[in-house]
S.K.: 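The following block contains the structure, expressed as structure tokens.
Numbering of ligands and ligand atoms starts at 1, following listing order.
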Amino acid sequence: MASVLLWRVLPLLALLASFLFFFYVQNSSKLSHKECSLLPHQSYWITSKRIVTPQGVISGAVEIRGGKIASIVKEEDGRGNSKVGHIVDYGEAVVMPGLIDVHAHLDDPGRAEWEGFPSGTKAAAAGGITTLVDMPLNNFPSTVSQETLKLKIEAAEERIYVDIGFWGGLVPENAFNSSILEGLLNAGVLGLKSFMCPSGINDFPMTNASHIKEGLSILAKYRRPLLVHAEIQQESESHLELKDGSHDPRSYSTYLQTRPPSWEEAAIRELVTLTKETRTGGLAEGAQLHIVHLSDSSSSLDLIKEAKSSGDSITVETCPHYLAFSAEEIQDGDTRFKCSPPIRDAANNKKLWKALLEGHIDMLSSDHSPTLPELKMLDDGNFLKAWGGISSLQFVLPVTWSYGRKYGITLEQLALWWSERPAKFAGQELKGAIAVGNHADIVIWEPDVEFELNDDYPVYLKHPSISAYMGTKLSGRVSATFVRGNLVYKEGKHAPAACGVPILAK
Ligand SMILES: NC(=O)N[C@H]1NC(=O)NC1=O
Ligand SMILES: [Zn+2]
Ligand SMILES: [Zn+2]
């Protein structure tokens, strides 16, 4: 009798359990959405007079549903009344695709005290960056194998406020070991990165042309890029003299002379002999070589232009600090400005802008490379000993805009350099443009609002004092940032939970 009753009750109990489970899942996903976003809606519209789309700037509305862009309506099409549900009206503010920074060092795990995923991605979100691709060095251990990539992915878990992809390292140790390299690529790095000069990090040694050739031939199979820090040390006599103590190490010009443009030129000359193999029918067809942080806008740039016109698969980025600053302005002892390759003179800066505007430079990236204030040696001011790297992540949009205005740059160009081209380069088909079906990765910003980066300004970087931009006046204030539809940042406030996701190549 009892067992008959049990058999009757059991299905009912199972039904009850599945109901409870269903409601639990529903509620927990609701709860997590609430924590991931400062906007309590999964479906809503964003309206503005200036929405930057690949077809131009429009006045209208973007419909967001389930983290994606569901529709885009132009005001002039007169379908304004079709908008049902929650509407966020941004008025005259610019609605642009979120920035994709393909070159940042967040130093996690292992050197999280330099930056780390939480502060780095909070700064990114506050700066309108919705995706970044983290470099394989400055974290410890360097990301040069499947195992070390796993450490990075684990370190990122629930600690990132924007989406993050990862570059793997190409180093002498793995360059001739295809199973390590393929293990790294199969584990999801978006491409590889190598140095042609000492990287400043002991467990990330430099590569030579034969390592790079090997790397390219493997990358060809995966159709992913190789990013190269293109400087080769030229041991001229004057270079040795500069380090012997007879020149003032606090003077920026001393540092500048230790890394002349000929270093970049020599590296790029070697690289463009290798990129010939990326042409149709070549041994590395399918691979792409990408030169990071170009500073020299003379011979180095000419070599890149020539390679491009011969059909080599080669791209190049430059960074806001090369566009914003020139050597003449850098004060003695102000090591915040030390980076490699160095910031060169005003004439070089002007030519760099020209190259960007004429389309010879493909994209922009931050090369955010912070460290501890004591390693930046701000008290000492020794340019030859201080850490080389500019800290900029939160400011790249207003910096590009502020310094580019005098060259008449447009909102469409900003979106091209900071979103559309970086997305394509990093293989992110659903990112980089406000287009139907794409991720709703969006920045809202006000080009005409000016602000001063003083001590009262909310900076989310771990060490604001080492940033070369502190103390400058900028225009273009970021007011809100959406990552896959989640409002992750709004007016000085971040979403409570870190809901960025690691991006792994398949
Ligand atoms: N290791 C590292 O981040 N190096 C970067 N810093 C810099 O100024 N240039 C670089 O390549
Ligand atoms: Zn570099
Ligand atoms: Zn870098």
Side-chain angles (χ1 to χ4, degrees), residues 101-108 110-116 120 132-144 165-171 190-207 212 225-233 252 255-256 258-259 263-264 267-268 271 289-296 300 316-325 327 330 334-344 363-372 375-377 383-393 396 422 426 461-463 466-469:
D101 183 4
V102 295
H103 187 161
H105 301 260
L106 295 193
D107 317 325
D108 213 341
R111 286 195 189 84
E113 67 280 14
W114 287 18
E115 185 63 84
L132 58 83
V133 191
D134 194 33
M135 279 292 164
L137 72 160
N138 300 9
N139 50 288
F140 184 83
S142 290
T143 312
V144 293
F166 309 96
W167 302 119
L170 175 74
V171 289
L190 305 182
L192 300 175
K193 156 81 181 289
S194 88
F195 272 70
M196 297 177 89
C197 62
S199 73
I201 294 289
N202 290 339
D203 77 334
F204 203 93
M206 66 187 209
T207 46
I212 291 173
L226 175 64
L227 295 82
V228 181
H229 178 125
E231 278 185 300
I232 294 180
Q233 194 162 337
Y252 183 72
Y255 174 59
L256 189 57
T258 65
R259 284 183 109 101
W263 285 35
E264 282 186 78
I268 292 168
L271 289 172
L289 191 123
H290 178 78
I291 291 165
V292 296
H293 54 46
L294 182 80
S295 174
D296 171 34
S300 303
V316 58
E317 73 188 25
T318 191
C319 310
H321 40 280
Y322 301 116
L323 296 168
F325 306 126
I330 302 174
D334 199 349
T335 53
R336 295 178 303 158
F337 292 85
K338 178 179 175 179
C339 59
S340 66
I343 293 161
R344 306 193 191 281
M363 67 194 88
L364 299 175
S365 77
S366 72
D367 194 13
H368 174 65
S369 176
T371 188
L372 295 173
L375 295 180
K376 208 59 182 155
M377 306 186 97
F383 274 106
L384 302 181
K385 293 205 175 126
W387 171 258
I390 300 282
S391 175
S392 61
L393 197 59
V396 293
L461 297 166
K462 191 158 277 175
H463 303 292
I466 62 169
S467 174
Y469 296 103

S.K.: Applying a strict 4.0 Å limit to heavy atoms, is Gly200 in contact with ligand 1?
M.R.: no
S.K.: Please state which part of Val292 comes within less than 4.0 Å of ligand 1, counting heavy atoms only: side chain, backbone, both or neither.
M.R.: neither
S.K.: For the Zn ion (ligand 3), does an N/O/S atom of His293 lie at less than 2.8 Å?
M.R.: no
S.K.: So among Lys193, His293, Glu264, which one has a side-chain hydrogen bond (donor to acceptor under 3.5 Å, both in side chains) with His229?
M.R.: His293
S.K.: Give yes if a backbone or side-chain nitrogen or oxygen of Lys338 is under 3.5 Å from a nitrogen or oxygen of ligand 1, and no if not.
M.R.: no
S.K.: Just to check, does Ile390 reach to within less than 4.0 Å of ligand 1 when the distance is taken from its heavy atoms?
M.R.: no
S.K.: Between the Zn ion (ligand 3) and His103, is there an N, O or S atom separated by less than 2.8 Å?
M.R.: yes
S.K.: Let me know which of His463, His368, His105 forms a side-chain hydrogen bond (donor to acceptor under 3.5 Å, both in side chains) with Glu115.
M.R.: His368
S.K.: Geometry only, no angles: is Trp387 polar-contacting ligand 1 at N/O separations under 3.5 Å?
M.R.: no
S.K.: Going by distance only, is there an N or O of Gly388 that falls short of 3.5 Å from an N or O of ligand 1?
M.R.: yes
S.K.: Hey, does Phe195 sit under 4.0 Å from ligand 1 if you only count heavy atoms?
M.R.: yes
S.K.: Could a heavy atom of Met135 be found less than 4.0 Å from some atom of ligand 1?
M.R.: no
S.K.: On the ring face of Trp263, is Arg259 found with NZ or CZ under 6.0 Å from the centre and within 45° of the axis?
M.R.: no
S.K.: If you check every N/O/S atom of His229, which is the one nearest the Zn ion (ligand 2)?
M.R.: ND1
S.K.: Would you call the rings of Phe383 and Tyr255 parallel, tilted or perpendicular if under 30° counts as parallel and over 60° as perpendicular?
M.R.: parallel
